[in-house]
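Just so you know, these numbers use all the heavy atoms, side chains as well, and skip hydrogens, waters and symmetry mates. Order of the sequence lines sets the chain letters (A, B, ...), proteins ahead of strands, with each chain counted from 1.
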Amino acid sequence: DAGVIQSPRHEVTEMGQEVTLRCKPISGHNSLFWYRQTMMRGLELLIYFNNNVPIDDSGMPEDRFSAKMPNASFSTLKIQPSEPRDSAVYFCASSQPTGTASYEQYFGPGTRLTVT
Amino acid sequence: EDQVTQSPEALRLQEGESSSLNCSYTVSGLRGLFWYRQDPGKGPEFLFTLYSAGEEKEKERLKATLTKKESFLHITAPKPEDSATYLCAVQAQYGNKLVFGAGTILRVKS
């Protein structure tokens, strides 16, 4: 399996520009997670989806952030407009369906975002 | 609120010098406790899941244990390639959200 695929791997943009990060989860996984990692705050969950439906978006910092999952094999995280404080590494992760069992999440390589 | 605290923040070991990393947690009903390894510039890599107090899991030089309040990651006779950041996370009984600790940065010198 190719694992979780993220693109782009690096993004440098100017303040005020729109940024779109992309993720393809592992085939057969129906839970998808977006995380942000910074030195100050560590790894934080932004939003997660089960069966393409957003379940918990309480970690989304503000209305400038939005996420979609139009189908089981693709998700986007959009920041509009971007600000320097959004600079971080953004990870996408996926896991098998969870019912009563607990399944590990598999992470992608991340997108390093720099907003100047 | 679910919380995870890892200690120490950083640990330097000589090759072959065994030690342990600690993960203390508070969670409203534990569904699972996870250990991940993260190398610089990469995403976290899954190591272990522990479900109940008393459980232990091993993988090469690593052994993870779990009590009702904390987990330990024991590293036996480490090698330089074990150098990485080790992350601990908990999942509560409801939902699939993971709450991560800040991690322990491990450096093993030859």
Structural part of A:Leu45 lying under 4.5 Å from a heavy atom of chain B: side chain
Under 4.5 Å from any heavy atom of chain A - which part of B:Lys42: backbone
Hydrophobic cluster identity match, B:Leu66 and B:Tyr86, side-chain contacts under 4.5 Å: yes
Connected via hydrophobic side-chain network under 4.5 Å: A:Phe107 and A:Trp34: no
Exercise: identify the closest heavy-atom pair between B:Gly41 and A:Arg9: O-NH2, 3.8 Å
Residue pair B:Gln38 / A:Phe91: nearest heavy atoms and the distance that separates them: NE2-CZ, 3.5 Å
Joint hydrophobic cluster, B:Val4 plus B:Leu106, side-chain heavy atoms closer than 4.5 Å: yes
Part of A:Ser58 lying under 4.5 Å from any heavy atom of chain B: side chain
Greater than 12 external heavy atoms within 6.0 Å of A:Asn71's CG: yes
Cluster overlap A:Tyr106 with A:Leu77, hydrophobic side-chain contacts below 4.5 Å: no
Atom CD of B:Glu81 with >12 non-hydrogen neighbours under 6.0 angstrom: yes
Shortest non-hydrogen contact from B:Tyr36 toward A:Glu104: OH-C, 4.1 Å
Salt bridge (Lys or Arg N to Asp or Glu O under 4.0 Å): pairs with one or both residues in residues 85-94 of chain A, sequence neighbours excluded: A:Glu62-A:Arg85, A:Arg64-A:Asp86, A:Glu83-A:Arg85
Spatial distance of atom OH (A:Tyr48) from atom NZ (B:Lys97) [nearest 0.5 Å]: 8.0 Å
Within one Ile-Leu-Val-Met-Phe-Trp-Tyr cluster: A:Val115 and A:Met60, side-chain cutoff 4.5 Å: yes
Spacing of B:Leu98 atom CG and A:Glu44 atom CD [to the nearest 0.5 Å]: 14.0 Å
Distance flag, aromatic centroids of B:Phe100 and A:Tyr35, threshold under 6.0 Å: yes
A:Ser95 side chain reached by B:Gln91 side chain, heavy atoms, under 4.5 Å: no
Interchain contact, A:Gln6 with chain B, by part (heavy-atom threshold 4.5 Å): neither
